[in-house]
*Asks:* 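My questions all concern the structure below.
Because only heavy atoms are used, hydrogens play no part in the values below, and waters and symmetry mates are left out as well, while side chains stay in. Since the model is a prediction, treat every value here as computed from it, not as a measurement.
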Amino acid sequence: MTRPAHLSVPVPVDAVAVPVPWPGDDVPVLRNRPVRLGTEATHPSRFGDDVWNIRPAHRDAHTNVGTLNLSVFPEPLRRQFRTVLLAALDHPQPVEPGGRQRSAEYIGIGSMPVLIRGLEAFAHWMSSRGLEEISAITDPDLDVYVRHIAGTTASLRLQANALSAVRTLWLCRDVLPAPCRLTTGFPWAGHTANELVGLRSATGENRRPRIHDATMEALLAWSLHMVEQVGPDIRDAWHEYTLLCRGEHPSQRIYTGTAGPRLHAYVDYCRRTGTPLPGTPGPGGPRINYGHVLRLIGLDNKSQFGPAQKRWLAGQGLPIAAQSTVGVITGQVHGRPWRDAPLTVAELPGLWRRLTGALFTVVCYLSGMRPGEVLALRRGCRGTDEATGQLVVHGHRGKGYDRAPDTPESTEPTRPWVVVGVVHEAIALLESLHDQPFLFPAQLRTGTFRPSTTHARTCHSINRDIADFATWVNGTFRRADGTDPVPADPAGNLNASRFRRTLARFIVRRPRGLIAAALQYGHVDTKVTLNYAGAPDTEWLQDVAVEKLELVMEQISDDVQRLAAGELVSGPSAGEYRRRVTESAEFPGRTVISPRSASRLLASTDPQVHHGEGMTCVWRPETAACRTARLAQGLPEPAGPDETECRSTCTNLAFTDRDIARRKQDLHDLEATSSDPLAPRPLRDRAAAQAERVVALIQRHEQDRTEGAPA
């Protein structure tokens, strides 16, 4: 995270010649950094402290930024490196000689722990060589340091970070006191830190594996069950438990006075209504849950029953329930209650986290947002676009060098993500779960560590909740064949960072597939892709381009092999189908080194042959019946075929043997419907008419096969 240019502190051009004083011990370390709204102003970290809390200056509420421990530096050098770190926080980092940096760019708060580790290694190396001031280091010393780092057992990434920290030290020299200035030439000019340690640079390819189809479909389906059926029961039970803990539940109004009178009134109520005492499992059977009895009679957790009161309650002869339960079960899964008994107090926190993991899955996966962008969503983020009527979610972008925490003087504007209805439903359920500002608060209860008023869940914790949710589903429910409802992913553990690439694959591979509760991925494709098309965030479209390129290459190979094996193609565009497939097969191939090159290659090699359900579209915009239909309705011109507007008279259509096999299956269903005496007459007539058209199509295809002539 870096600080925007308009908040920068200018550095004089001739600052090297200007003496820079040492900072005082009482100087706040975040004096030139904006901090998040809601951060308590008391006891900010100061220069003289051994531990600096820089977390409030990070833009993202879901990121758990560690503190800076200054005691790791050797005592003789501690003040110097403490001053270097303050300068890195105070001032924008100058551009490297010949570097690629933006001007006036601040070191991100999230990068400060990396910087301090690199400087720590440099300080300990200086101490081992008896160097007491940074200004005493020479160019030969820096060459020795490179060899020293290369000889350590640290990973190549850590070695590169250590060398980059020394370069940062050199770049800050103009705003440092004289003893802290690195007066050498720019360290190791002409080589990147990665090159110096032999670390290969990333090629830009997204190496995150997709989540397997069967795993993702099942995970989404069960997440939708949580939104629609299971989640409301967990929410209601949680609300009941919360009200009991606060002493605000309506059932507690009958209890007044001290613990004694309340306890007697409760026992009378249990006898009168036949209600058992709340229990907890024990070695010899259930025992009385005295803590829950206190909650039921309106006393807080600080209260306790005395030994005499416990003996008196145990001697009343009342039955004891096996568990202490709250709420009722109203939701159903596959037509049956999802659970036979109410929820227990002990399992509520775990169910709350699993529900959170399921709701996160729905919001993150079906919106195409980054995990951090979802975790940073706030209450009231749902909305509707006034111009188009589309459902949107308002949040903050998760990447960008110019992002900074919101302050009373400056607030980063939100941006919209276009979503489907179930995402709004999931957000509404999240908003009803608690009263915290973030949809995914850092803690269930009020705490001092990462308070929920200013912090959201971390990516690590939400990934744990998603995995825990899948495990809970597999342990609670079973498929008809006895297998796990959510099969394990062969590529590894479930991780939210894999959702975007998995969604890109589904959009490309299953544009009309009905996943989970009849959610059309074609619908998601249109909304999500168009939403990202005009945004500065192009990574999503690059992922889609990579998936489309892979699909086109596989499809061309398959189509060519089938034509060579004698597959027949009929229909008005049969000849054009053969020509495009044959010409595309002659493409010799090209190395794809980045998602952007995938986009360019896709544009030049895609034959625009689209296999649909029982038909193949050889796309030509000027003759496409679906395009004409959309334009007649005042809809935007499509970039490709729209199967929902497909017309049987369209001249773009072709029919392969695969399509005809699918049509024969459809014909069987249509004939069964047309002859069903229990079906309504209009439905039978419609099925009979459709069956006639399918029979004619099959006959024309088979006639072409008999005549042996290209269609």
Side-chain angles (χ1 to χ4, degrees), residues 62 216 218-245 323 325-334 337-367 369 371 374-375 377-379 381-382 393 419 421-445 452 456-477 485-486 494-496 499 516-517 519:
H62 69 280
M216 191 66 240
L219 180 65
L220 179 59
W222 281 99
S223 296
L224 293 174
H225 280 313
M226 298 294 283
V227 173
E228 299 165 356
Q229 298 293 336
V230 179
D233 287 349
I234 298 175
R235 174 201 58 199
D236 294 344
W238 180 260
H239 283 178
E240 179 180 333
Y241 176 73
T242 302
L243 291 175
L244 288 172
C245 292
Q323 295 280 358
T325 60
V326 288
V328 294
I329 302 301
T330 61
Q332 295 187 342
V333 174
H334 303 313
W338 69 273
R339 181 184 173 105
D340 296 330
L343 305 180
T344 67
V345 171
E347 63 185 338
L348 265 183
L351 287 174
W352 197 98
R353 289 192 299 271
R354 292 160 192 150
L355 175 59
T356 300
L359 298 180
F360 177 89
T361 298
V362 172
V363 177
C364 186
Y365 183 66
L366 293 182
S367 68
M369 299 171 71
V374 177
L375 292 172
L377 289 175
R378 290 177 172 267
R379 181 178 300 276
C381 62
R382 289 176 294 160
V393 172
V419 297
V422 71
V423 174
H424 268 208
E425 295 175 21
I427 292 176
L429 184 53
L430 282 164
E431 291 175 334
S432 68
L433 279 173
H434 55 79
D435 56 1
Q436 300 295 337
F438 292 100
L439 294 185
F440 300 91
Q443 302 180 62
L444 290 176
R445 297 294 187 187
S452 295
R457 301 292 297 279
T458 63
C459 290
H460 175 74
S461 65
I462 205 68
N463 286 335
R464 187 172 62 245
D465 291 345
I466 295 171
D468 190 29
F469 167 64
T471 302
W472 174 77
V473 170
N474 290 338
T476 307
F477 307 94
V486 182
L494 296 174
N495 191 304
F499 281 171
L519 281 174

*Asks:* Start with the C-alpha gap between Gln229 and Leu224, add the side-chain angles, then the distance that decides, and say whether side chain to side chain contact (heavy atoms under 4.5 Å, CB included) holds.
*Replies:* CA-CA 8 Å; Gln229 298 293 336; Leu224 293 174; over 6 Å; no

*Asks:* Quick one: do Gln436 and Gln443 satisfy side chain to side chain contact (heavy atoms under 4.5 Å, CB included)? Show the steps, please.
*Replies:* CA-CA 10 Å; Gln436 300 295 337; Gln443 302 180 62; over 6 Å; no

*Asks:* Measuring from Leu377:CG to Leu439:CG, what's the distance to the nearest 0.5 Å?
*Replies:*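 Those atoms lie 5.5 Å apart.
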
*Asks:* Show the nearest heavy-atom pair for residues Asp233 and Gly331, with the distance to one decimal.
*Replies:*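 So the minimum-distance heavy-atom pair works out to OD2-N, 2.9 Å.
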
*Asks:* Report the relative orientation of the aromatic rings in Trp472 and Trp338; use parallel for angles under 30°, tilted for 30 to 60°, perpendicular for over 60°.
*Replies:*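 If you compare the ring of Trp472 with that of Trp338, the planes turn out perpendicular.
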
*Asks:* Looking at Val422, Val419, Val363, which one forms a side-chain contact (heavy atoms from CB on, under 4.5 Å) with Ile427?
*Replies:*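 Result for side-chain contact (heavy atoms from CB on, under 4.5 Å) with Ile427: Val363.
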
*Asks:* Under 4.0 Å between a side-chain nitrogen and a carboxylate oxygen: does that hold for Asp465 and Arg457?
*Replies:*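 Result for this pair is yes, salt bridge flagged.
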
*Asks:* Taking all atoms of both residues into account, what is the closest heavy-atom pair of Arg379 and Glu431, and its distance?
*Replies:*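 Scanning both residues, the minimum pair turns out to be NH1-O, 2.8 Å.
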
*Asks:* Does any part of the side chain of Val393, heavy atoms only, come nearer than 4.5 Å to the side chain of Cys381, both counted from C-beta?
*Replies:*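 Cys381 vs Val393: side chains touch.
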
*Asks:* Would you name the heavy atoms of Cys364 and Ala496 that are closest together and state the gap between them?
*Replies:*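 Residues Cys364 and Ala496, closest heavy atoms: SG-O, 4.5 Å.
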
*Asks:* Can you tell me how the ring of Phe499 sits relative to the ring of Tyr365, calling it parallel under 30°, perpendicular over 60° and tilted otherwise?
*Replies:*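 Aromatic pair Phe499/Tyr365 classed perpendicular.
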
*Asks:* Can you list everything that forms a ring-ring contact (aromatic ring centres under 6.0 Å, His included) with Phe469? Sequence neighbours excluded, please.
*Replies:*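 In terms of ring-ring contact (aromatic ring centres under 6.0 Å, His included), with neighbours along the sequence ignored, Phe469 is linked to no residue.
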
*Asks:* For residues 341-356, which residue pairs pass the salt bridge (Lys or Arg N to Asp or Glu O under 4.0 Å) check, not counting sequence neighbours?
*Replies:*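 Pairs touching residues 341-356 that pass the test: Arg339-Glu347, Arg354-Asp468.
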
*Asks:* Do you know which of Leu351, Val230, Leu433 makes side-chain contact (heavy atoms from CB on, under 4.5 Å) with Arg235?
*Replies:*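 The passing option is Leu433.
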
*Asks:* Please check if the distance between the ring centroids of His225 and His334 is under 6.0 Å.
*Replies:*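 His225 vs His334: aromatic centres under 6.0 Å.
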
*Asks:* Please report the C-alpha distance between Leu366 and Leu220 in whole Å, then the side-chain angles of each, then the deciding distance to 0.1 Å, and finally whether the side chain to side chain contact (heavy atoms under 4.5 Å, CB included) criterion is met.
*Replies:* CA-CA 9 Å; Leu366 293 182; Leu220 179 59; 4.2 Å; yes

*Asks:* Search all heavy atoms of Leu375 against all heavy atoms of Phe438 and return the closest pair with its distance.
*Replies:*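 Heavy-atom minimum between the residues: O-CD2, 4.2 Å.
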
*Asks:* Please confirm whether the backbone N or O of Val473 pairs with a side-chain atom of Thr476, one donor and one acceptor, at under 3.5 Å?
*Replies:*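 No; zero donor-acceptor contacts below 3.5 Å.
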
*Asks:* Which heavy atom in Leu494 sits nearest to a heavy atom in Ala470, and how many Å separate them?
*Replies:*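 Between these two residues, the closest heavy atoms are CD1-CB, 4.0 Å.
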
*Asks:* Who are the side chain to side chain contact (heavy atoms under 4.5 Å, CB included) partners of Ala237, not counting sequence neighbours?
*Replies:*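 Result, side chain to side chain contact (heavy atoms under 4.5 Å, CB included) vs Ala237: Val326, Leu343, Leu348.
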
*Asks:* On a heavy-atom basis, which atom in Thr325 and which in Pro342 lie closest, and how many Å separate them?
*Replies:*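 Nearest heavy atoms, Thr325 then Pro342: CB-CB, 3.9 Å.
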
*Asks:* Taking the side chain as every heavy atom from C-beta outward, state whether Thr356 and Ile462 have any atom pair closer than 4.5 Å.
*Replies:*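 Yes, at least one pair of side-chain atoms sits under 4.5 Å.
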
*Asks:* Does some side-chain heavy atom of Arg378 sit less than 4.5 Å from a side-chain heavy atom of Pro437?
*Replies:*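 Yes, their side chains come closer than 4.5 Å.
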
*Asks:* Under 4.5 Å between any side-chain heavy atoms of Asn474 and Pro485, yes or no?
*Replies:*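 Heavy-atom side-chain distance check passes, below 4.5 Å.
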
*Asks:* Report yes if some heavy atom in the side chain of Thr361 is under 4.5 Å from a heavy atom in the side chain of Met216; otherwise report no.
*Replies:*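 When only atoms from C-beta onward are counted, Met216 and Thr361 do touch, with a gap below 4.5 Å.
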
*Asks:* In sequence, state the C-alpha distance, the side-chain angles, and the governing distance for Thr242 and Leu244, and then conclude on side chain to side chain contact (heavy atoms under 4.5 Å, CB included).
*Replies:* CA-CA 5 Å; Thr242 302; Leu244 288 172; over 6 Å; no

*Asks:* Go through the steps for Trp222 and Phe477 under the test ring pair (Phe, Tyr, Trp, His ring centres under 6.0 Å), then give the verdict.
*Replies:* CA-CA 10 Å; Trp222 281 99; Phe477 307 94; 4.7 Å; yes

*Asks:* Kindly compute the distance separating CG (Leu429) from CG (Leu355), expressed to the nearest 0.5 Å.
*Replies:*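 Separation between the atoms: 5.5 Å.
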
